[in-house]
Amino acid sequence: MESYISNELGLRFPPIVLLKSDEKPADGKGPKAGRGGCVMSFVAQTIAKRNTTYFGRENITCGGIATGFGWGDGFSTQEDMDFQATFLSCGLESAPDKDAYKARLDKMPRVSEMFMEGERIYSDFETAITNIKNRPIYDESQYVIFKGIENLKDGETPKSVIFTLNPIELTALIQINSSFRTKDSYILTPQASSCQSIGSFVFEQDESDDPKPIMGSIDFAGRSKTRHFIPDEYLTLSMPWKLFLKLEKIAEKSLLQTELFKNYINK
């Protein structure tokens, strides 16, 4: 399948799609058995190189991925949740039990500096805990698969369509998305990890009669895994399949046909 919006904008990075499956793709690239890491390095390869990639439940090594791709909340114990809330706030400074947090970091020497400082997505531990508890939670399928939209097969229905856009391209897509709306917020920017902004928050919007796209990535830890492939100025705008199809139709009679806009992309 081709995207009208992508073709009209001449996107350097055409959209990719996220699918859920109980089977690995035969032609896909994924983590080695028993290995994990940040899924965004695989997503970036699909965006930039158009490789089909995948990630499975058995590869989860990050507390946010389980939530991000609909594999439960990712926590076996309250201590696990507290640990993530501490990391997502101010690290050791935010820890309700500093000795316990530091003891856990002593077993993680390769990442201990980042965890000592905290990712600082949230200003304090309590805010982090509240947001973690309010995440949309799903639990289905064994794998997420990422592929270029041009490789989407008949009968496949994506759970998420992910655009990767520079500021001008993002402005154009925001305007197209806003052009038929009359109230409320037109795009959402949840304080979420990169995987959640292309996954679970999009899944949640798919349940709405008036879905909104999700803008990311707004966590620098996730972005650090993509910048080898994608320039820093790019952002993602992700949406349910039904919203993507609607915007594709609306775009056929939009700012994309105006000379005013063409001056921005044809310079």
Side-chain angles (χ1 to χ4, degrees), residues 1-3 5-6 11-33 35-62 64-71 74 136 138 140-165 173 192-206 213-219 221-231 234-245 248:
M1 177 180 180
E2 291 189 354
S3 163
I5 292 171
S6 180
L11 295 184
R12 174 178 176 180
F13 303 116
I16 68 168
V17 296
L18 180 160
L19 301 113
K20 296 294 292 286
S21 177
D22 286 323
E23 298 182 3
K24 298 177 184 179
D27 59 344
K29 177 182 179 181
K32 295 179 180 179
R35 299 287 296 275
C38 180
V39 69
M40 294 310 296
S41 61
F42 292 93
V43 175
Q45 291 179 61
T46 301
I47 292 170
K49 295 186 173 183
R50 316 311 290 175
N51 297 332
T52 296
T53 62
Y54 66 88
F55 206 88
R57 286 182 190 250
E58 72 268 24
N59 305 117
I60 295 173
T61 56
C62 166
I65 291 178
T67 306
F69 293 132
W71 295 322
Y138 301 89
E140 60 176 357
S141 303
Q142 297 299 310
Y143 297 96
V144 287
I145 300 169
F146 304 96
K147 60 172 63 178
I149 197 166
E150 69 274 11
N151 296 321
L152 191 65
K153 298 176 182 177
D154 291 342
E156 291 183 327
T157 302
K159 298 285 287 184
S160 177
V161 181
I162 303 152
F163 283 88
T164 303
L165 306 163
L173 199 51
S193 64
S194 297
C195 57
Q196 292 160 13
S197 70
I198 65 175
S200 56
F201 281 94
V202 179
F203 306 162
E204 182 180 47
Q205 286 302 302
D206 191 39
I214 307 295
M215 190 166 72
S217 303
I218 56 172
D219 72 307
R223 291 182 72 91
S224 71
K225 305 301 182 181
T226 65
R227 65 191 314 202
H228 178 71
F229 300 99
I230 301 167
Y234 280 74
L235 291 164
T236 60
L237 195 69
S238 306
M239 62 196 68
W241 180 241
K242 62 185 178 184
L243 178 57
F244 167 74
L245 294 178
E248 286 277 292

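For the pair E156 and L19, the minimum side-chain heavy-atom distance is below 4.5 Å. Put simply, the side chain of L243 reaches to within 4.5 Å of the side chain of P213, judged on heavy atoms. P25 places none of its side-chain heavy atoms less than 4.5 Å from the side chain of Y143. At least one side-chain heavy atom of I5 sits less than 4.5 Å from a side-chain heavy atom of L173. The closest side-chain heavy-atom distance from L152 to P158 is below 4.5 Å. Put simply, the side chain of E2 does not reach to within 4.5 Å of the side chain of I149, judged on heavy atoms.
Take E58 and apply the salt bridge (Lys or Arg N to Asp or Glu O under 4.0 Å) test, not counting sequence neighbours, and it matches no residue. Legend: residues meeting salt bridge (Lys or Arg N to Asp or Glu O under 4.0 Å) with E23, ordered by chain and number and at least two apart, are absent.
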Where do K20 and W71 land on the side chain to side chain contact (heavy atoms under 4.5 Å, CB included) test, with the steps shown first?
-> CA-CA 11 Å; K20 296 294 292 286; W71 295 322; 4.1 Å; yes
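Side chain to side chain, D219 and S194 meet the donor-acceptor criterion of an N or O pair below 3.5 Å. A donor atom on one side chain and an acceptor atom on the other are found under 3.5 Å apart for T53 and T46.
No more than 12 heavy atoms of other residues, nucleotides or ligands sit less than 6.0 Å from atom NZ of K225. Atom CD of Q142 is surrounded by more than 12 heavy atoms from other residues, nucleotides or ligands within 6.0 Å.
The distance from the CD1 atom of I16 to the CD1 atom of I47 is 4.5 Å, given to the nearest 0.5 Å. To the nearest 0.5 Å, atom CZ of residue F55 and atom OG of residue S41 are 7.5 Å apart. With rounding to the nearest 0.5 Å, the separation of CD in E204 from OH in Y138 is 5.0 Å. Here the straight-line distance linking atom NZ of K147 with atom CG of D27 works out to 6.5 Å at 0.5 Å rounding. To the nearest 0.5 Å, the span separating OG1 on T67 from CZ on F201 amounts to 9.0 Å. Here the CG-CD1 distance, from N59 to I65, works out to 8.5 Å after rounding to the nearest 0.5 Å.
In terms of modelled atom types and a separation under 3.5 Å, the side chain of Q205 and the main chain of P240 share no donor-acceptor contact. R50 contributes a side-chain N or O that, together with a main-chain N or O of P14, makes up a donor-acceptor pair within less than 3.5 Å. Between the K29 side chain and the N51 main chain, no donor and acceptor come within less than 3.5 Å of each other. Side-chain N or O atoms of S160 include one that pairs as donor or acceptor with a backbone N or O of I198 at under 3.5 Å. Remark: side-chain polar atoms of K159 are not paired, donor with acceptor, to backbone N or O of F203 under 3.5 angstrom.
The aromatic rings of F163 and F244 are tilted relative to each other, their planes meeting at an angle between 30° and 60°.
For the side chain to side chain contact (heavy atoms under 4.5 Å, CB included) with F13, the lone residue among T236, I230, L165, I162 that qualifies is I230.
Aromatic pair F146/F69: centroids less than 6.0 angstrom apart.
When all heavy atoms of C195 and M40 are compared, the pair lying nearest together is N-SD, 3.9 Å. For F229 against P231, the heavy-atom pair with the smallest separation is O-CD, 4.2 Å.
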